[in-house]
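In what follows, a single structure is set out as C-alpha cells and then discussed.
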Amino acid sequence: MKSNPVDQAVETLCQKGCKALWADLELMEHGQVLPELKALDAHQQQQVFKEIKSIMTVYEGSCNLD
C-alpha cells in the first residue's frame with residue numbers, strides 16, 4: 001500500500017536530520033516552499049509543517065536531548 005504524500009514528505013524531511021529540520025521550519029514559517037513540498041498543494045504543505053513542528057517540540061529548539 002502506498003503512503004500518502006504528506007507522510008512521504010514528512011519522512012523525507014526527517015531523514016535530513018535535526019539541524020536541517022530546524023532550518024526548514026524557519027523557512028516554512030516565513031512562507032517559503034521547500035523543494036520537497038513543491039508537488040503538494042497548500043493544504044498538504046500546511047499539514048507537513050504542522051507535523052514537523054509537532055515532532056520537533058521534543059527537541060525544544062535544540063538538537064540535544066540532555
Inset, instruction - Could you grab the distance from atom OG1 of Thr12 to atom CD of Glu36, nearest 0.5 Å is fine? - result: 7.0 Å

Inset, instruction - Walk me through it: do Met28 and Lys53 pass the test side chain to side chain contact (heavy atoms under 4.5 Å, CB included)? - result: CA-CA 10 Å; Met28 288 188 281; Lys53 194 164 186 164; over 6 Å; no

Legend entry - CG-NZ distance between Leu34 and Lys16, expressed to the nearest 0.5 angstrom: 6.0 Å

Inset, instruction - Can you measure from OG1 (Thr57) to CD1 (Ile52) and round to the nearest 0.5 angstrom? - result: 11.5 Å

Inset, instruction - Could I get the full list of side chain to side chain contact (heavy atoms under 4.5 Å, CB included) partners for Glu11, not counting sequence neighbours? - result: Gln15

Legend entry - Nearest-0.5 Å distance that lies between atom SG in Cys14 and atom CG in Asp24: 10.0 Å

Inset, instruction - Verify the neighbour count for atom NZ of Lys19: are there more than 12 heavy atoms of other residues, nucleotides or ligands below 6.0 Å? - result: no

Inset, instruction - Show the numbers, then the answer: is there a side chain to side chain contact (heavy atoms under 4.5 Å, CB included) between Glu51 and Val6? - result: CA-CA 9 Å; Glu51 183 67 23; Val6 170; 5.6 Å; no

Inset, instruction - In sequence, state the C-alpha distance, the side-chain angles, and the governing distance for Gln44 and Gln47, and then conclude on side chain to side chain contact (heavy atoms under 4.5 Å, CB included). - result: CA-CA 5 Å; Gln44 290 170 320; Gln47 286 179 295; 3.9 Å; yes

Inset, instruction - Give, for atom CZ of Phe49 and atom CG of Leu27, the distance between the pair rounded to the nearest 0.5 Å. - result: 11.0 Å

Inset, instruction - Report yes or no: does Ser54 contribute a side-chain atom to a donor-acceptor pair with the main-chain N or O of Lys50 at less than 3.5 Å? - result: no

Inset, instruction - List the atom of Asp7, the atom of Asn4, and the distance in Å for their closest heavy-atom pair. - result: N-OD1, 2.7 Å

Inset, instruction - Look up atom CD1 in Ile55 and atom CG in Leu13, then write down how far apart they are to the nearest 0.5 Å. - result: 9.0 Å

Legend entry - Side chain Gln45, main chain Leu37, donor-acceptor under 3.5 Å: yes

